[in-house]
Amino acid sequence: MSSFAGRMKEYPNMSLDRFDRENLHARAYFLSHCHKDHMKGLKGPLLKRKLKFSLTVKLYCSFVTKELLLSNPKYAFWEDHIVALELESPTLITLIDEASGEREELVVTLLPAGHCPGSVMFLVEGAQGTVLYTGDFRLAKGDASRIELLHSGSRVKDIKSVYLDSTFYDPRFYQIPSRETCLHAIRGLVQDWVSRSVYHTVWLNCKAAYGYEYLFTNLGDEFHTQQGYAYSWLPCGSSASDGTPLNIISIKPSTMWFGERTQRTKVIVRTGASSYRACFSFHSSYSEIKDFLSYLQPINIYPSVIPIGRTHADVTELLKSMCRDVSSSAVIYRPLGTLKRTRPEQHTHGETLSPDHSQLSLPTILSTLFHCFVIGSVVYTRWGLCRLTSELFVDDSAKLPSPSIPLSAGQGLSQAESMLIQSEDRCQGDALTNLDAGGEESGSHTHQSEPTESQVSSDFDIPSTPDSHTPGPDDLSDLYRRLAAGEEVVTRTGSQSL
DNA sequence: GCGATCAGGT
DNA sequence: CACACCTGATCGC
């Protein structure tokens with residue numbers, strides 16, 4: 001978790017990813033991505049008050065982050081104070097002291113961070129030198145050399161300080177399998193399971209956070225392509241629509257790492273009868289961070305996270321070796337990196353330089369925000385819809401509570417976000433046992449209870465559609481019919497059709 | 001009643 | 001396999 005206090009030594013009039021305490025006096029705010037540990041104080045009443053009386057104080061972030069932020073009504077008061085910036089477009093920002101009128105000019109550039117949708121790093125250039133605030137990032141080896149705006153001409157810029165996501169800056173986390181490797185392994189497991197029968201289902205058991213969209217979209221696309229079926233709807237409960245129990249395995253994405261000498265890289269670990277952990281990391285590994293830093297050769301590096309079991313002194317000491325040596329009078333600069341253009345100028349709006357999941361298109365982000373979306377045989381759900389489909393499909397209709405949740409008000413977006421994958425292949429003869437009730441982590445998703453107040457009002461709830469209403473039994477059976485008929489009842493850009 | 005903080009869970 | 005973020009208890013205002 002980030003312990004960055006919000007301000008950089010060189011530019012103390014701007015605050016990044018922290019909005020409390022001394023940051024209340026900042027002249028401009030910057031949000032690198034929409035994770036809670038980077039939003040401390042962002043909905044504080046004092047800040048809200050300050051905005052009311054300010055004409056110049058703005059919050060700068062990416063377009064995607066802006067959408068994610070404003071999807072929560074608790075941050076609605078920011079709406080007129082947010083300035084979304086294009087990626088990789090240097091922007092002149094003037095910091096104004098509203099009391100004295102004093103001005104300070106900076107050029108700020110958003111660079112893709114590869115951490116989660118909308119995540120960026122901030123490159124700040126001004127009178128106090130060029131500094132890079134990484135926010136949280138996952139960049140692969142060599143990525144820094146492909147980011148054009150870290151370069152001036154063909155040479156890397158002279159970077160004074162890097163404020164670093166040092167989550168895994170510890171030799172113990174030497175290697176983390178690449179995103180592609182992890183996706184490949186998960187794809188294999190999913191393929192193996194869902195090909196057994198139509199009742200073999202995968203529950204991609206993600207924690208509530210933006211960041212798993214890379215898995216969602218890639219697996220979704222692939223199984224769509226492979227199956228080629230029209231939309232089908234999957235229950236989130238333990239039974240298929242015909243009452244047959246599902247064979248569900250749970251795959252939990254979680255971080256796994258390997259030391260320098262470790263050869264074997266188990267990307268998937270079986271943790272129970274029907275549960276697996278699959279490697280997936282939002283943060284760069286030690287070796288990826290080293291590659292990044294040794295390319296940039298900053299003069300100073302400030303860690304924003306102290307890995308568990310380490311002290312600030314440990315990390316600072318480790319980081320010293322990554323800094324440019326400017327201690328002696330005869331300054332010996334190690335050679336700075338040179339720009340590698342890996343792609344011709346096919347740069348379209350919003351696209352990034354590296355293969356990257358963090359900058360999904362806005363429609364995709366919106367569709368993930370609004371309840372769910374359906375691609376091929378894959379259903380993406382949020383908690384609320386998961387419950388809804390359970391009600392629709394679960395066998396034991398006598399136990400169904402009457403629906404009490406307005407469909408258009410997303411319930412608990414921050415609750416466990418799930419993805420179910422089920423084979424379209426019909427094959428008979430399998431022993432169709434239900435998810436092993438004794439297995440680790442099993443079953444809890446199959447019997448959803450009423451959402452608590454805090455779930456209903458959790459931070460990434462979707463604002464209610466004005467003319468929404470609670471669906472009655474007739475609405476639900478109509479919905480069921482349409483789903484069974486393969487109609488697309490969920491739009492990809494909003495919740496209106498539900 | 002609200003926010004901040006911590007412990008404990010997934 | 002150590003992320004992100006939930007809930008609930010407690011405390012101060």
Side-chain angles (χ1 to χ4, degrees), chain A residues 1-3 17-21 24 32-49 68 72 74 113-119 135-138 165-177 179 182 203-215 250-259 262 264-272 275-286 304-310 315 382-383 411-418 439-445 448-461:
Chain A
M1 293 287 180
S2 177
S3 60
D17 287 354
R18 278 295 288 266
F19 308 91
D20 58 350
R21 306 165 78 95
L24 282 169
S32 70
H33 65 289
C34 226
H35 278 162
K36 290 268 161 53
D37 56 328
H38 291 253
M39 296 161 67
K40 209 171 186 188
L42 192 55
K43 55 176 148 60
L46 291 174
L47 192 49
K48 193 171 177 175
R49 242 179 86 84
L68 296 178
N72 183 339
K74 287 177 184 157
H115 175 69
C116 73
S119 68
D136 285 352
F137 74 99
R138 173 105 201 243
D165 168 20
S166 47
T167 304
F168 292 127
Y169 195 71
D170 180 327
R172 205 186 143 182
F173 314 125
Y174 193 86
Q175 202 209 329
I176 297 171
R179 245 195 293 272
C182 297
W203 176 31
L204 197 61
N205 183 358
C206 299
K207 286 182 215 83
Y210 302 118
Y212 297 102
E213 289 78 2
Y214 173 78
L215 293 177
S250 149
I251 304 178
K252 268 192 180 177
S254 35
T255 310
M256 300 182 194
W257 60 85
F258 308 96
T262 311
R264 274 201 86 56
T265 54
K266 263 196 176 172
V267 177
I268 301 215
V269 174
R270 192 164 187 182
T271 54
S275 53
Y276 297 82
R277 282 180 188 276
C279 183
F280 191 69
S281 177
F282 298 161
H283 298 271
S284 277
S285 67
Y286 179 74
S304 66
V305 182
I306 306 305
I308 289 170
R310 292 267 172 194
V315 181
R382 306 275 184 173
W383 195 89
Q411 276 72 42
L413 267 185
S414 59
Q415 289 302 308
E417 188 180 305
S418 325
E440 187 207 283
E441 302 154 354
S442 68
S444 62
H445 61 295
Q448 302 287 2
S449 53
E450 287 291 321
T452 64
E453 176 56 30
S454 57
Q455 282 170 333
V456 170
S457 64
S458 68
D459 272 355
F460 281 105
D461 279 355

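All values derive from a computational prediction rather than experimental measurement. Letters A, B, ... mirror the listed sequences (proteins, then strands); counts begin at 1.
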Note to self: Rounded to whole Å, please give me the gap between CG in A/L47 and P in B/dC2.
What the structure shows: 20 Å
Notebook entry, point to check: Rounded to the Å, how far apart are A/D37 CG and B/dA4 P?
Noted result: 16 Å
Item checked: Rounded distance in Å - CZ (A/R21) to P (B/dT5) -> 7 Å
Checklist line | Phosphate contact (C/dC3 OP1 or OP2) by A/H115 side-chain N/O below 4.0 Å | finding: no
Next item on the list: Describe the nucleic acid contact of A/D136 in one word from base, sugar-phosphate, nothing, applying a heavy-atom distance below 4.0 Å.
Entry: sugar-phosphate
Check: Quick one: A/K252 NZ to C/dC6 P, roughly how many Å, whole number?
Finding: 16 Å
Notebook entry, point to check: Just how far, in rounded Å, is C1' of C/dC3 from NE2 of A/H33?
Noted result: 10 Å
Next item on the list: Calculate the interatomic distance between A/F19 atom CZ and B/dA4 atom C1'; express it in whole Å.
Entry: 18 Å
Check: Can you check whether A/Y212 and A/F282 have ring centres sitting under 6.0 Å from each other?
Finding: yes
Notebook entry, point to check: Given that A/H283 and A/V269 both sit by DNA chain C, which one's nearest nucleotide is further toward the 5' end?
Noted result: A/V269
Note to self: Can you measure A/K74 atom NZ to B/dG3 atom P for me and round it to whole angstrom units?
What the structure shows: 8 Å
Note to self: Counting the atoms with a prime plus P, OP1 and OP2 as sugar-phosphate, which does A/F168 contact under 4.0 Å by heavy atoms, base, sugar-phosphate, or nothing?
What the structure shows: sugar-phosphate
Margin query: A/S32: which residues meet the side-chain hydrogen bond (donor to acceptor under 3.5 Å, both in side chains) condition with it, sequence neighbours left out?
Written below: A/D17
Item checked: A/L215 CG to C/dC3 P, straight-line distance once rounded to whole Å -> 17 Å
Item checked: Within-4.5 Å side-chain heavy-atom neighbours: A/I268 and A/C279 -> no
Notebook entry, point to check: Are A/K36 and C/dC6 close enough that a side-chain N or O sits under 4.0 Å from OP1 or OP2?
Noted result: yes
Notebook entry, point to check: Which residues satisfy the side-chain hydrogen bond (donor to acceptor under 3.5 Å, both in side chains) test with A/D37, sequence neighbours excluded?
Noted result: none
